[in-house]
Amino acid sequence: MTHHLSFRGVTVAAEPGQSVAAALIAAGITDWRTTGKGGRPRGLFCGIGVCFDCLITVDGIPDQRACLVAAADGMRLGDAEPGADVEPGADFEEAGRTGGEDVARA
Amino acid sequence: MSHVHDVAVVGAGPAGLAAAVEAAEAGLGVLLIDTAGQPGGQYWRHYDRIHARPEDRIGHHDWPVFTRLRTRLDELAAEGRIRYLPGHQVWLITRDAEGAFTLRVTAATSTSATAGRRSGDADPTTLAAHALILCAGGYDRQLPVPGWDLPGVLTAGGAQALLKGHRTPAGQRAVVAGTGPFLLPVATGLARAGVRVAAVIEANATVGWLRSPAGAVSAPGKGVEALRYAASMLRHRIPYRTRTVIREVLGDGRVEAVRVARVDGDGRPTGPDEEIAVDLVALGWGFTPSLELPLMLGAETAQDTDGSLVVAVDDSQRSSVDGLYVAGEATGVGGATLAVQEGRLSALAVAADRGHPADPARTRRLRAAVRRARRFAAAMHRTYPLPRAWPDWLTETTLVCRCEEVPYADLRRAHHDLGAEDARTLKMLARPGMGWCQGRVCGLATAGIAAWLGGRETGVDDLRPLATRSLAVPVPLGELAALAEETTPAEALDEGGRNGD
């Protein structure tokens, strides 16, 4: 059975077992967020959970790695702009997750 | 604290799988933690087992070695001798007064919190073990190049993972670029999936390891493997362009082309630029070992033949930290066969150190195999070095750090105007390596730039500040808060990163 996900009003099909990133790329979508400073488009880079370039909001939960999240039927992707308006750790309340450096500084 | 396991193995790739199975078979109670939802690591990354088709196996090496290990893992887990926890990452390791390790874990994704959980269990956040075998593997090593942050540029391993793990080709027309033998399976894998591979762009001169006596003699079978790739390149009509690098990735909002040029032995351009139209660029410069956990515990490091920072281990895979064993890429990039042998060896050492002596003949055989494979790896590293003059490729606006969007100009300014001589100061002043990935992607480049600007070769002192992290992965605030309830974060972080920053 093919899964159907939504991304910015577009329906994206996924085979069971594919990641969210794979489903988006297979649908011809190569970027799904913009960077905080330069407004640069970003999508998949390392593909294995290391680089955090592919962050996406999944069912309202921000900053999920699209390369690691398995696509599921009815999933809503990218309703917010993850990582676009906050620096990791710059504001704990907003950022939600935080990297080591900023914790060490805090 | 609940149950203290005899040994915790972190990572379920070739080294970790072998270590976990071997340790359990030696009579130890094993905890196996892995980020991925299923075992295999990057080398044996494969399509979701539940939905797999027979053809998903094509292109996999040593697959029977994996399936044998996986079968044993399944059996040992069913018998309760291995507690397997997929979909989780270790973000902090501390030690108590008795020397037991405490591992803080977090679900890798919002949907993986239930992975490996027995019914009725809460999601585990804190686990304990008397000994640790760290087998965190590695990931593609990257050098920045103008335009490398455009969508459509992937790591070589990323392009392959998307194919092997998700049946998805990342584009229609590709170049695979960087250096090393890994570019070949990535290129032929893409071609098999219907991607037109315009070229493999190899910075170094030849597939010289075929001619390297040390390599060929010490690793029988590797020559055959290389010939098979060569035949496959020929069959798919993929040009292999040596002594060539990508000078710039071009495109408006996504990749449209690359500009390539011939280079000399140091990586300095010698020929005219040439443009190749592509929508996918796969970049790989060898591999970077994942060192955050061993560094967090203060393990001694060394620099390997390929220039990477690695954990120093003895001939039983013991690190400088009592009770901490390391196997696989973290002790030096050397591939899956070596990783499996090191994994087994580390498990036998833990078992022996915990009163379950191993068959000495078996240990001797494994040690000999590891030594042989290390010689081969060193020959490969010498054949595919990073071009010495790679920072010459950078322009003022080239992003070095993708997360914090730090251009090369900022690093040069920090060096020239603010006197940042070393990598640590460069990082503090210009902020490369301070974003989400914590320097995993740009760490090597930042260390290399610090050394380049300072007119020296990249050394351990350049690499170590960029590889040390006080938390191994970004974690939800709730988990940090829970930690704070038991102890103050400052104390925990101080303890966790005692030999780090």
Side-chain angles (χ1 to χ4, degrees), chain A residues 14-26 29-32 35-38 40-55 58-65 67-72 75 83 87-89 92-93 95-106, chain B residues 35-37 42 45 47-48 50-52 89 108-112 139-140 149-155 157-162 165-168 170-171 253-255 279 290 292 399 402-405 433-441 469-472 474-477 480 489 493 497 501:
Chain A
E15 287 178 56
Q18 275 187 319
S19 67
V20 161
L24 288 167
I25 287 174
I29 299 164
T30 53
D31 65 274
W32 42 87
T35 57
K37 282 181 195 156
R40 297 173 169 93
R42 289 288 167 82
L44 194 69
F45 181 61
C46 83
I48 59 170
V50 170
C51 78
F52 292 82
D53 255 13
C54 68
L55 293 178
V58 178
D59 288 336
I61 303 173
D63 299 330
Q64 297 299 301
R65 286 168 281 182
C67 66
L68 297 185
V69 179
M75 233 174 208
E87 277 184 45
F92 281 12
E93 260 59 57
R97 279 196 170 222
T98 187
E101 292 303 337
D102 294 287
V103 170
R105 268 206 322 268
Chain B
T35 304
Q42 305 314 327
R45 180 178 282 277
Y47 204 80
D48 187 333
I50 300 163
H51 304 289
Q89 284 182 287
T109 71
S110 58
T111 51
S112 68
Y139 48 87
D140 292 82
D149 66 316
L150 283 170
V153 179
L154 268 69
T155 69
Q160 196 193 45
L162 201 64
H166 308 277
R167 293 187 202 128
T168 308
R254 60 151 303 134
V255 172
D279 65 355
S290 290
E292 36 278 322
L399 290 189
R402 304 164 61 96
C403 301
E404 292 289 285
E405 300 173 81
M434 299 285 266
W436 272 95
C437 91
Q438 299 173 276
R440 283 177 181 79
V441 177
R469 288 153 201 126
S470 38
L471 302 182
V475 293
L477 294 176
L480 263 189
L493 291 172
D501 283 358

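Quick caveat, the model's predicted, so the values are computed rather than measured. In what follows, every chain begins at residue 1, and chains take the letters A, B, ... in the order their sequences are listed.
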Self-check item: Residue pair B/Thr109, A/Gln64: steps toward the side-chain hydrogen bond (donor to acceptor under 3.5 Å, both in side chains) verdict
Solution: CA-CA 6 Å; B/Thr109 71; A/Gln64 297 299 301; 4.9 Å; no
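The part of B/Leu399 that comes within reach of chain A is its side chain, from C-beta onward, which places non-hydrogen atoms under 4.5 angstrom from that chain. Neither the backbone nor the side chain of B/Asp140 comes within contact range of chain A, judged by heavy atoms closer than 4.5 Å. Only the side chain of B/Val441 comes within contact range of chain A, with at least one heavy atom under 4.5 Å from a heavy atom of that chain. With a threshold of 4.5 angstrom between heavy atoms, A/Ile61 approaches chain B through side-chain atoms but not through N, CA, C or O.
Between the CG atom in B/Asp279 and the OG1 atom in A/Thr30 there is a gap of 9.0 Å [rounded to 0.5 Å]. B/Trp436 CH2 to A/Leu55 CG: the interatomic distance, rounded to the nearest 0.5 Å, is 5.5 Å. Rounded to the nearest 0.5 Å, atoms OG1 (A/Thr35) and CG (B/Asp149) are 8.0 Å apart.
Nearest heavy-atom pair across A/Cys51 and B/Cys437 is O-CB, 3.5 Å. Scanning both residues, B/Ala161 and A/Gly47, for their nearest heavy atoms gives CB-O, 4.2 Å. Scanning all heavy atoms of the two residues, the minimum distance from A/Lys37 to B/Glu404 falls at NZ-O, 2.8 Å. Between A/Arg65 and B/Ala108 the shortest heavy-atom distance is NH2-O, 3.2 Å. Contact between B/Tyr47 and A/Pro16 at its shortest, heavy atoms only, is OH-O, 2.8 Å.
Your options are B/Leu150, B/Val153, B/Ile50, and the one with the most heavy-atom pairs under 4.5 Å with chain A is B/Val153. Comparing A/Ile25, A/Leu68, A/Val50 by how many heavy-atom pairs each has under 4.5 Å with chain B, the most go to A/Val50. Note on A/Ile48, A/Val69, A/Asp53: by heavy-atom pairs under 4.5 Å with chain B, the leading option is A/Ile48. Ranking A/Ala23, A/Gly38, A/Ala21 against chain B, the residue ahead of the rest is A/Gly38, based on heavy-atom pairs under 4.5 Å. Here A/Ala22 is the residue among A/Ala70, A/Ala14, A/Gly49, A/Ala22 with the most heavy-atom pairs under 4.5 Å with chain B.
A/Arg42 contributes a side-chain N or O that, together with a main-chain N or O of B/Arg402, makes up a donor-acceptor pair within less than 3.5 Å. Here the side chain of B/His166 pairs a donor or acceptor atom with the backbone of A/Ser19 at under 3.5 angstrom. No donor-acceptor pair under 3.5 Å is formed between the side chain of A/Arg40 and the backbone N or O of B/Glu405.
The pair A/Asp31-B/Arg254 does not meet the salt-bridge criterion, since no charged nitrogen lies less than 4.0 angstrom from a carboxylate oxygen.
With sequence neighbours left out, the side-chain hydrogen bond (donor to acceptor under 3.5 Å, both in side chains) criterion links B/Thr168 to A/Gln18. Applying the ring pair (Phe, Tyr, Trp, His ring centres under 6.0 Å) test to A/Phe45 and every residue at least two apart in sequence or in another chain returns B/Trp148.
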